[in-house]
Amino acid sequence: MNHAARPVPRLLILGGTTEARRLAADLVASPLAPHVTTSLAGRVAAPRLPAGDVRIGGFGGPEGLARWLREHAVDALIDATHPFAGTISHNAAEAAATAHVPLLAVRRPGWVPGPGDDWHQVASLDEAAAALPDLGTRVFLTTGRMGLAHFAHLTGLWFLVRSVDAPEPPHPPRMRTLLDRGPFTLDGERELLRRHHIDVLVTKDSGAAATAPKLTAAREAGIPVVLVRRPPAPEGVPVAADPAEAVDWVRRLFA
């Protein structure tokens, strides 16, 4: 008896994270062997490219994303963007609903303070900037190059800024840039804090293990941490904590 071949599922991953790259590789190598396309925002000059097909650039809001899903006959959408990519996550939820495409969000757990941590949690980069003058004068700023304008008015503070690509103005006038990308080691973070006489750390609650050593180094050195909380995620979207859970979701969806 002849059986019709099962159509190959077409998946779109909204990527740019370690989880998104791992997920694309796991899906491409899985027995299901779906057609996987990862979309990157294009904000990094030389991104690490995932397995499968890659597209770079925006969609033009939720309407543009919904149109792309329909035109490319996408069977499932996975939002594996950074926890602070709030706009695209909300766009993904709206677009998936419009195009009637199943949506999953991959959200790594946030960081949790432990004994000895001196965390000052804030809701925004503006609140982080307002908190700094009372906490220190030599700032290790790891919130990315896109938000430096929020700190440009702090002329009395010195900043060490770490980012993948070189930042553009406006930015703090007293600033040294360190071009690097994780994962980072605990010994490396300890040496960075010591060498630059850092007395306050500013970071976002990305939750990534690759960038967590700076928090341990700050705790050991007794350095306060200004932690920017995550923006609210879209309601009603199922969430996977890691790529393995996402692969299981895809498998169940197309079983």
Side-chain angles (χ1 to χ4, degrees), residues 8-41 43-44 47-55 65 69 74-93 95-96 101-114 117 119 121 142-144 164 181-186 189 203-216 227-255:
V8 175
R10 301 181 65 85
L11 309 180
L12 176 64
I13 299 174
L14 304 178
T17 60
T18 301
E19 289 84 0
R21 290 191 298 274
R22 188 178 308 134
L23 175 59
D26 290 349
L27 286 171
V28 168
S30 71
L32 188 63
H35 182 277
V36 177
T37 300
T38 300
S39 177
L40 304 177
R43 293 180 177 176
V44 176
R48 294 172 177 171
L49 298 181
D53 291 345
V54 178
R55 71 171 300 279
L65 176 54
L69 295 174
V74 171
D75 296 300
L77 174 63
I78 301 178
D79 174 16
T81 56
H82 193 276
F84 281 81
T87 298
I88 186 61
S89 292
H90 284 274
N91 287 353
V101 171
L103 169 64
L104 177 74
V106 180
R107 292 279 179 266
R108 63 179 80 131
W111 288 318
V112 178
D117 282 319
W119 288 9
Q121 299 193 37
T142 65
T143 55
V164 175
R181 75 169 94 205
F184 303 106
T185 66
L186 179 55
E189 300 293 61
T203 191
K204 295 177 177 178
D205 183 15
S206 66
T211 56
K214 62 191 172 189
L215 298 173
T216 303
L227 188 75
V228 183
R229 292 189 295 269
R230 297 179 178 188
E235 296 182 359
V237 177
V239 175
D242 55 38
E245 287 188 16
V247 171
D248 286 342
W249 179 83
V250 173
R251 179 180 50 79
R252 293 192 305 271
L253 190 64
F254 299 104

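Start at 1 with the first residue, then count along the sequence.
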Are the side chain of His90 and the backbone of Pro232 linked by a donor-acceptor contact shorter than 3.5 Å?
-> yes
Here the pair of heavy atoms bringing Ser89 nearest to Pro234 is O-CG, 3.4 Å
Do Leu11 and Phe254 touch side chain to side chain, with heavy atoms closer than 4.5 Å?
-> yes
Interatomic distance, CG@Leu65 vs CD1@Ile88, rounded to 0.5 Å, equals 6.0 Å
Pro83 and Asp205, any side-chain heavy atoms less than 4.5 Å apart = no
Can you check whether Arg107 reaches Thr81 side chain to side chain, under 4.5 Å on heavy atoms?
-> yes
Taking every heavy atom of Trp111 against every heavy atom of Lys204, the minimum-distance pair comes out as CZ3-O, 3.0 Å
Kindly compute the distance separating CG (Leu12) from OG1 (Thr38), expressed to the nearest 0.5 Å.
-> 7.5 Å
Would you indicate whether the side-chain heavy atoms of Val101 and Leu103 approach each other to under 4.5 Å?
-> no
In Å and rounded to the nearest 0.5 Å, what is the CD to CG distance from Glu245 to Leu104?
-> 8.5 Å
State, yes or no, whether a side-chain contact exists between Thr143 and Phe84 at a heavy-atom distance under 4.5 Å.
-> no
CZ of Arg108 to NE2 of His82, rounded to nearest 0.5 Å, is 5.5 Å
Check: Ile78 and Val250 side chains under 4.5 Å, non-hydrogen atoms = yes
Between Gly15 and Ala20, which heavy-atom pair has the shortest distance, and what is it?
-> CA-CB, 3.5 Å
To the nearest 0.5 Å, atom CG of Leu27 lies from atom CG of Leu32 at 8.0 Å
In Å and rounded to the nearest 0.5 Å, what is the CD to CG distance from Gln121 to Leu227?
-> 5.5 Å
Minimum-distance pair of heavy atoms, taken over all atoms of Leu77 and Ala96 | CD2-CB, 4.3 Å
Under a 4.5 Å cut-off applied to non-hydrogen side-chain atoms, are Leu49 and Leu40 in contact?
-> yes
Kindly give the heavy-atom pair with the smallest separation between Ala25 and Ala51, and that separation in Å.
-> CA-CB, 3.9 Å
Spell out, as yes or no, whether a donor-acceptor pair under 3.5 Å connects the side chain of Arg230 to the backbone of Ser206.
-> yes
Could you check if a side-chain atom of Val106 sits within less than 4.5 angstrom of a side-chain atom of Thr17, using non-hydrogen atoms only?
-> no
Which heavy-atom pair separates Val237 from Ala93 by the least distance, and what is that distance?
-> CG2-CB, 4.1 Å
Counting distance only, does the side-chain N/O of Asp26 pair as donor-acceptor with the main-chain N or O of Leu23 below 3.5 Å?
-> no
